[in-house]
Amino acid sequence: MKLRKIGNSISFKTVLRYLAELLIVAFGVFLGVYYSNINNDYKVLREKEKSISLIISELEINKELLEEQIAYHTIIKTEIDSIIPSLTEAKMNLEFTPYALKDLEIKGWKGFLYGRLQKTAYESTKTSGVIKEFDIELIQKLTDTYNFQETYVELGTSILDKAISINSSMKLMDFLATIKLMTSDLLGTEESLLKKLERNISELKSIKSLHS
């Protein structure tokens, strides 16, 4: 009986030791997973902050490009609006030749221009999957803005293509009508897009300051 008690006592101690070792191992695994998750969360947060900074920079560049184009198109709009009323019907119906342009002086004219807006930072954020860390409302706003940018670039490209297609078989009025597209439809789109960019930049900077 005495030996049996000693055996039972040793067996119990062994079990306790194994339990202690198991708890230590389990706790070690838990700490490893815990700190791994913390490091992963920190990495994701850093990537999110980096993406936000890059998109802010991209939108600010686009904003500057738009402001340049708005200033130019506004000048040309003022010029065209003052020139067209003074042109006779005969002048408007002249074939589009250097002679037709002889007396048509448009001050500040640099050609059919539009902003080549960037979207690399936004596309990279989507491709990397970081964008899923953004608030859903912010994603919707950014998507709307960048889609609007695409519409603007397509409109600018179409006007430029239209201008390039003008030749001597067309009339001076066709040339002026294309300029009017640039100073009305394109200019209006630029002004609307600029407001979207300003709102997005402001919101992104607010989010960035919260994470700083």
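Computed from a prediction, not measured in an experiment: that's the story for all the values here.
- Side-chain contact between L193 and L117: present, with at least one pair of heavy atoms (C-beta onward) separated by less than 4.5 Å.
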> Which is it for M170 and F175 under the side chain to side chain contact (heavy atoms under 4.5 Å, CB included) test, yes or no, and what are the steps along the way?
Replying inline: CA-CA 8 Å; M170 304 179 81; F175 174 68; over 6 Å; no
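- No side-chain heavy atom of K63 sits less than 4.5 Å from a side-chain heavy atom of L59.
- Around the NZ atom of K91, the shell of radius 6.0 Å holds more than 12 heavy atoms that belong to other residues, nucleotides or ligands.
- Under the 3.5 Å distance criterion, the side-chain polar atoms of S158 are matched with a main-chain donor or acceptor of L155.
- Looking only at distances, a side-chain donor or acceptor of H73 sits under 3.5 Å from a matching main-chain atom of L113.
- Residue T151 holds its OG1 atom at 14.5 Å from OH of Y146, rounded to the nearest 0.5 Å.
- With hydrogens and angles disregarded, no donor-acceptor distance shorter than 3.5 Å links the side chain of D185 to the backbone of L181.
- Rounding to the nearest 0.5 Å places OG of S128 at 11.0 Å from CD of E123.
- Of all heavy-atom pairs spanning I83 and S86, the tightest one is O-OG, 2.6 Å.
- Counting heavy atoms from C-beta outward, F96 and N167 have side chains that stay 4.5 Å or more apart.
- Closest non-hydrogen pair, E60 versus K205, comes out as OE2-NZ, 2.8 Å.
- Contact record, K208 with I52: CB-CG2, 4.3 Å, taken as the closest heavy-atom pair.
- Not a single donor-acceptor pair under 3.5 Å links the side chain of E133 to the backbone N or O of K48.
- With values rounded to the nearest 0.5 angstrom, E203 atom CD is found 5.5 Å from L138 atom CG.
- Distance alone, capped at 3.5 Å, is enough to place a donor-acceptor pair between the S209 side chain and the S206 backbone.
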> Should F134 and I207 be marked as a side chain to side chain contact (heavy atoms under 4.5 Å, CB included) after you check the CA-CA gap, both sets of side-chain angles, and the distance that decides it?
Replying inline: CA-CA 10 Å; F134 290 13; I207 294 171; over 6 Å; no
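- Under the 3.5 Å distance criterion, the side-chain polar atoms of E79 are left unmatched by any main-chain donor or acceptor of I106.
- The environment of K162 atom NZ is sparse: at most 12 non-hydrogen atoms of other residues, nucleotides or ligands sit within 6.0 angstrom.
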>> Would Y114 and I159 count as a side chain to side chain contact (heavy atoms under 4.5 Å, CB included) here? Give the steps.
In response: CA-CA 9 Å; Y114 64 93; I159 292 174; over 6 Å; no
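- Screening residues 172-183 for side chain to side chain donor-acceptor pair (under 3.5 Å) gives D81-K180 as the qualifying pairs, with residues at least two apart or on separate chains.
- Put simply, CG on L194 and CG on L65 are 11.5 Å apart, with the number rounded to the nearest 0.5 Å.
- Between L172 and N93 the shortest side-chain heavy-atom distance does not fall below 4.5 Å.
- We find the CG-CZ distance between L204 and R199 to be 13.0 Å, quoted to the nearest 0.5 Å.
- Under a hydrophobic clustering in which Ile, Leu, Val, Met, Phe, Trp and Tyr are joined whenever their side-chain heavy atoms come within less than 4.5 Å, directly or via other members, L54 and I139 fall into different clusters.
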> Step by step, would you call Q140 with D144 a side chain to side chain contact (heavy atoms under 4.5 Å, CB included)?
Replying inline: CA-CA 6 Å; Q140 290 172 339; D144 177 59; over 6 Å; no
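- Ion pairing between E49 and R46 holds under the 4.0 Å rule for side-chain N and carboxylate O.
- We find the CD1-OG distance between I179 and S184 to be 11.5 Å, quoted to the nearest 0.5 Å.
- Side-chain contact, E190 with Y152: a donor N or O sits under 3.5 Å from an acceptor N or O.
- A donor-acceptor pair under 3.5 Å links the side-chain atoms of N147 to the main chain of T143, judged by distance alone.
- L176 places a side-chain heavy atom less than 4.5 Å from the side chain of L104.
- Within a 6.0 Å sphere centred on NZ of K119, heavy atoms belonging to other residues, nucleotides or ligands number 12 at most.
- N200 places no side-chain N or O within 3.5 Å of a backbone atom of L142 that could act as its donor or acceptor partner.
- Considering only heavy atoms from C-beta on, M182 comes within 4.5 Å of Y72 through its side chain.
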>> Go through it in stages, so that I can follow the logic: the residues are E198 and K195, the test is salt bridge (charged side-chain N to carboxylate O under 4.0 Å, His left out), and I'd like the CA-CA distance, side-chain angles, deciding distance and then a yes or no.
In response: CA-CA 5 Å; E198 289 172 338; K195 292 177 181 178; over 6 Å; no
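- Contact annotation: the side chain of Y122 never approaches that of Q149 to less than 4.5 Å [non-hydrogen atoms, C-beta and beyond].
- Hydrophobic clustering (side-chain heavy atoms under 4.5 Å, transitive across Ile, Leu, Val, Met, Phe, Trp, Tyr) keeps I55 apart from I136.
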